[in-house]
Amino acid sequence: MIYARTKPAIPFKNTYLGFKPCLFWYIKKNASDVLAFFSMFYTHFRLLMFINCNVMANKSVLSQNFVGVIDSGVGGLTILQKLQEQYPNCNYVYLADSVYCPYGTKPFEQIFARVCKLVEFLQRNGALAVVLACNTASIFAGKLREKFSLPIYDVIAPTCKVVAAMTRTKRVALLATNATVKSGAYSERLNNCGVTVVLFPCSSFVPFVENNLIDTADCEEVIAASLGELPHCNVDTVILGCTHFPVLKNKIAPYVNGAKIIECCTDFQPFFSSIEKPAKTLFFTTGVRKTANLASRWYGKIQFEHVDI
Ligand code: DGL
């Protein structure tokens, strides 16, 4: 029986002495495959080493006082900035779920499932607490606290507290993602304090921040189209109810007609006894590192590392 030979025969195939020439022959014949294999191996090795060195090996350091800070993307860095200012001795792991960004236009179940995955990841790697540096994730703060044993801090309840104490006219505007607006998380809390909330669903702002397109005419146009009514709302407070929006504050300011602009806050306070010095912050994204690095320039120079979750 004769079989068609699809590949040329390998010389020295069955001899021990032939092993070396055989290897060189194989590399010569399959140079591109061999290169691809080594580059894939190198990429995975680098990633594994990074995660091992920074998350797993540092667990001994971080597990003493490591706070996980999560958002759908780079917006939560506006909360991280505040945490770092207030509690500079804490270690933080910032986790941007960039591959699933934006959250605000997705169904509630999908957002909840993603946020659970992120919290699980952080808990597994030694987080002692998680700050939901994202309003859209904060909608689920109650459900997350039921599901996880570690302390979880949100941004909606503390922000509502500040706003309720601050407004004189008891009439405020909320600029937030479509999901946050739809959830009623702000309106319910503020209505209970006798405050009327005028709603502005602004999910369309998020991609401009995520893609480093803040200073574009398109961004200005979208803001103008979404906030055209804001100056006529007769409110004394405007809540930036999405952690991405402080990055656009200068562009939003012309529409507030003298009202006070309030950014989100959280009531996290470190409860750890041992504090390592100097404190560390690590940055991870589920998306593309370079995109996250670029989109976070306003925060400072960050090196995000990619992580699959
Ligand atoms: N930064 C987030 C928030 O505070 C969500 C933005 C998004 O992914 O839609 O709501």
Side-chain angles (χ1 to χ4, degrees), residues 68-83 94-119 130-141 143-144 152-160 162-163 173-187 189 197 199-214 219 222-223 226 238-249 251-252 261-268 283-288 291-292 295-296 298-299 304 309:
V69 181
I70 63 176
D71 181 40
S72 62
V74 296
L77 292 171
T78 58
I79 298 293
L80 179 69
Q81 256 174 348
K82 291 187 173 101
L83 292 174
Y94 184 83
L95 182 52
D97 196 10
S98 320
V99 81
Y100 275 81
C101 193
Y103 278 180
T105 48
K106 297 199 166 57
F108 289 134
E109 319 80 65
Q110 253 182 51
I111 306 168
F112 180 63
R114 274 313 288 174
V115 179
C116 284
K117 280 204 160 180
L118 302 190
V119 177
V130 169
V131 174
L132 305 171
C134 171
N135 290 265
T136 316
S138 295
I139 300 170
F140 305 104
K143 274 171 90 177
L144 292 164
I152 293 177
Y153 298 85
D154 72 306
V155 287
I156 296 182
T159 307
C160 285
V162 172
V163 170
L174 172 70
L175 278 49
T177 64
N178 300 5
T180 303
V181 167
K182 197 171 151 202
S183 74
Y186 272 95
S187 312
R189 278 189 179 77
V197 187
L199 301 168
F200 288 83
C202 300
S203 268
S204 50
F205 296 1
V206 175
F208 290 106
V209 179
E210 274 311 299
N211 297 300
N212 192 27
L213 297 170
I214 306 165
C219 181
V222 167
I223 291 176
S226 310
V238 173
I239 310 167
L240 301 185
C242 170
T243 53
H244 281 73
F245 296 174
V247 184
L248 300 167
K249 200 170 175 177
K251 304 202 180 305
I252 293 170
I261 300 178
I262 297 290
E263 292 180 22
C264 289
C265 56
T266 181
D267 56 5
F268 167 75
F283 300 90
F284 291 93
T285 172
T286 57
V288 179
T291 314
S296 56
W298 50 268
Y299 168 94
F304 273 92
I309 300 177

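Atoms within a ligand are numbered from 1 in the order they appear, just like the ligands themselves. Just so you know, these numbers come straight off a predicted model, no measurement behind them. Positions are given from 1, in the same order as the sequence printed here.
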NZ or CZ of K106 within 45° of Y100 ring axis and under 6.0 Å: no
Any idea which protein heavy atom is nearest [atom], and the distance to it?
| atom | value |
| --- | --- |
| atom 6 (C) of ligand 1 | S72 OG, 3.5 Å |
| atom 3 (C) of ligand 1 | N135 N, 3.3 Å |
| atom 7 (C) of ligand 1 | Y103 N, 3.3 Å |
| atom 10 (O) of ligand 1 | T136 OG1, 2.6 Å |
| atom 1 (N) of ligand 1 | H244 ND1, 2.7 Å |

Of all the heavy atoms in [X], does at least one lie under 4.0 Å from an atom in ligand 1?
| X | result |
| --- | --- |
| C134 | yes |
| G75 | no |
| C101 | yes |

F304/F284 aromatic ring centres below 6.0 Å: no
Check whether any N or O atom of [X], backbone or side chain, sits under 3.5 Å from an N or O atom of ligand 1, and answer yes or no.
| X | value |
| --- | --- |
| D71 | yes |
| C242 | no |
| T177 | no |
| T180 | no |
| T243 | yes |

Donor-acceptor pair between N178 and S203 side chains, under 3.5 angstrom: yes
With no hydrogens and no angle check, do the side chains of D97 and Y103 hold a donor and an acceptor under 3.5 Å apart? yes
Does the side chain of S72 reach to within under 4.5 Å of the side chain of H244, using non-hydrogen atoms? yes
Kindly indicate whether the side chain of F108, heavy atoms from C-beta on, has any atom under 4.5 Å from the side chain of S183. yes
Scan L132, T177, L80, N135 and name whichever one has a side chain to side chain contact (heavy atoms under 4.5 Å, CB included) with T243. N135
Between Q81 and W298, does a side chain to side chain contact (heavy atoms under 4.5 Å, CB included) hold up when you go through it step by step? CA-CA 11 Å; Q81 256 174 348; W298 50 268; 4.1 Å; yes
Ligand 1 to G104, heavy atom cutoff 4.0 Å, flagged ligand atoms 7 (C), 8 (O), 9 (O)
Does L95 form a side chain to side chain contact (heavy atoms under 4.5 Å, CB included) with V69? I'd like the steps, not just the answer. CA-CA 6 Å; L95 182 52; V69 181; over 6 Å; no
